[in-house]
Amino acid sequence: MRYKTDLPVMMPITPREPTPFIGLKPWQILLIALLAFVGPSFAFAQTGIPILTPFAILFDWAPLLLKGFIFNLVISVSAMALGTALGALLGLGQISLSRVTRGFAWFVTQFFRNAPWLVLLFFAMFLLPFELNLFVLKIPFPDWFKAILGLSLPVMANVSEIVRGAVKSLPSGQWEAAESLAYTRRQTLWLIILPQCVKRMLPPWMNLYSILTMATVLASIVGVSEVMTLTGQALAAEGGRPELLAPFYGFVLLLFFAYCYPIARFTVRLERKFAVID
Amino acid sequence: MSWTPADPMVSLRDVHKSFGTLKVLNGVSLDVMKGDVICIIGPSGSGKSTLIRCINALNDIQKGSILVEGQEVNDPNLNKLELRKKVGMVFQQYNLFPHKTALQNVMMAPVRVLKHDKAKAEAAARALMKKVRLEGKEDAYPGELSGGQQQRVAIARSLAMQPDVILFDEVTAALDPETVGEVLQTIKDLAEEGMTCILVTHEMAFAREVADHIYFTDRGVIVEHGPPATFFKNAQDPRTKEFLSQVL
């Protein structure tokens, strides 16, 4: 039986599938973020002095900010390379048979892993000389170089832990099998253990790189002309107009997001792939 | 004291081993002659695996003597690498190197440890793969092989080092029942060729068939031993009888 009624409550309801926010495509999230940042600026722009829209101003400054961002990337890649090299050594030290080496490597790792990055950066900035005199040779230590050194310290400590963790995560049977085949410890490490560790280390290592890249803006606090410093200077040059803050810093955020998000996605994919293989 | 093939190849005297306060071996003595196949049986936790792991110095011992071809293993100056070239080992969990193919697993140690010529080592490895009936699986990675196939690769890997004696540590315990047979057959082939084998096993029928001598261990001591015919029919010790009544 069907009753005719105007009351909507009586009508059969087919509930719609909720569309969750996380179901959005990355570019859709980006677009929303972009609109959220620029929206308020237009509101400001209408009441402010109608010279140039905030967007046009940002457009003028964008090349400089991009250059600054590329400098951030240079710092991140260099600090990562240096930190990885030192951290790998330290990590191997942590699994050394020598108690002294192990203890030393453990202490250095723990010390730098549990130190705030900014404090380490300050240390590198203000305790390192501005140049190094090697007899006749004068090697200058510019600020950006010191920033790289400072940021490579926590990277080193974290890489050290990644190496140690990966080696410890292998089943002890791998060591025993190698030992029973008369491999030396060094051969066991280089031929059998470490090759298996590489894929275990890759995801956390890339994660660390992502974090480091975002931490490079700390260098602005100690005066390196990276993207944050330049953004601050650009805003000051525009007379510190408050409606410019959101577009400018939003632009910087988007730069980092555009760079780090793919790395994060790729890391997740690697993790999944390796989990299947294991 | 020079060793001759007429002497025991492996000789344990009053071996004591403990992990911390836990005593695992409490005075174990046994002799293995060249070409012997001996099986060590006993309840879980009776120290069987520890016993054979001491023979290639994977575990050290606190007291007693282990001689392998006349060489003392319980010696702080022991050259473990030289010892392990003579003593092969196959594990319960196979422990193949997962990042290497089956063939690479077999030929790697001869090339890297014994410094054999690569081409020769590869030819030898291919022959061994054939011997363990895994022809055609040379390029497979361990993850692509069944448990029984992996264990046979592990046996081939151990054989590639041309050891004088091979230790088998419960090598069929982790296998699916249908693949146990192929691994046991491989070990039987070896035994028939005269390879000296020391096995820790739960496969009683197999032990009875291939072993020259059976040792029954419980709580870190050898309770009873003898050739399989007498051991399985006329066990004397009540502990042996009880164990056999449970597993047979």
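Just so it is clear: chains get the letters A, B, ... in the order the sequence lines come, proteins before strands, and each one is counted from 1.
The parts of R157(B) that come within reach of chain A are both its backbone and its side chain, each placing non-hydrogen atoms under 4.5 angstrom from that chain. With a 4.5 Å cut-off on non-hydrogen atoms, V90(B) does not touch chain A at all. Within the 4.5 angstrom heavy-atom criterion, only side-chain atoms of Q187(A), from C-beta onward, approach chain B.
Nearest heavy atoms, L96(B) versus Q174(A): O-NE2, 2.8 Å. Shown here for Y183(A) and L81(B), the closest heavy-atom pair between the two residues is O-CD2, 3.6 Å.
Interface check for chain A: of the options P98(B), G143(B), A154(B), the most heavy-atom pairs under 4.5 Å are formed by P98(B). In terms of heavy-atom pairs under 4.5 angstrom with chain A, the leader among Y94(B), F97(B), Y141(B) is F97(B).
When the shell of 6.0 Å around NZ of K86(B) is examined, it contains more than 12 heavy atoms from other residues, nucleotides or ligands. Other residues, nucleotides and ligands contribute only 12 or fewer heavy atoms inside 6.0 Å of the CZ atom of F104(A). The environment of R13(B) atom CZ is dense: over 12 non-hydrogen atoms of other residues, nucleotides or ligands sit within 6.0 angstrom. The number of heavy-atom neighbours closer than 6.0 Å to NZ of K137(B), taken from other residues, nucleotides and ligands shown, is 12 or below. Other residues, nucleotides and ligands contribute only 12 or fewer heavy atoms inside 6.0 Å of the CH2 atom of W106(A). Counted within 6.0 Å of CZ on F122(A), heavy atoms from surrounding residues, nucleotides or ligands total more than 12; the atom is thus considered enclosed. Counted within 6.0 Å of CZ on R265(A), heavy atoms from surrounding residues, nucleotides or ligands total 12 or fewer; the atom is thus considered open. Counted within 6.0 Å of CZ on F19(B), heavy atoms from surrounding residues, nucleotides or ligands total more than 12; the atom is thus considered enclosed.
The line from CG of N95(B) to CD of E179(A) is 11.5 Å long, rounded to the nearest 0.5 Å. Expressed to the nearest 0.5 Å, how far OG of S180(A) lies from CD1 of I55(B) amounts to 13.0 Å. Between the CD atom in Q196(A) and the NZ atom in K100(B) there is a gap of 10.0 Å [rounded to 0.5 Å]. Going from atom CZ of R112(B) over to atom CG of L181(A) covers 13.5 Å, rounded to the nearest 0.5 Å.
Checked by atom type and distance alone, the side chain of H99(B) never pairs as donor or acceptor with a backbone atom of C197(A) at under 3.5 Å.
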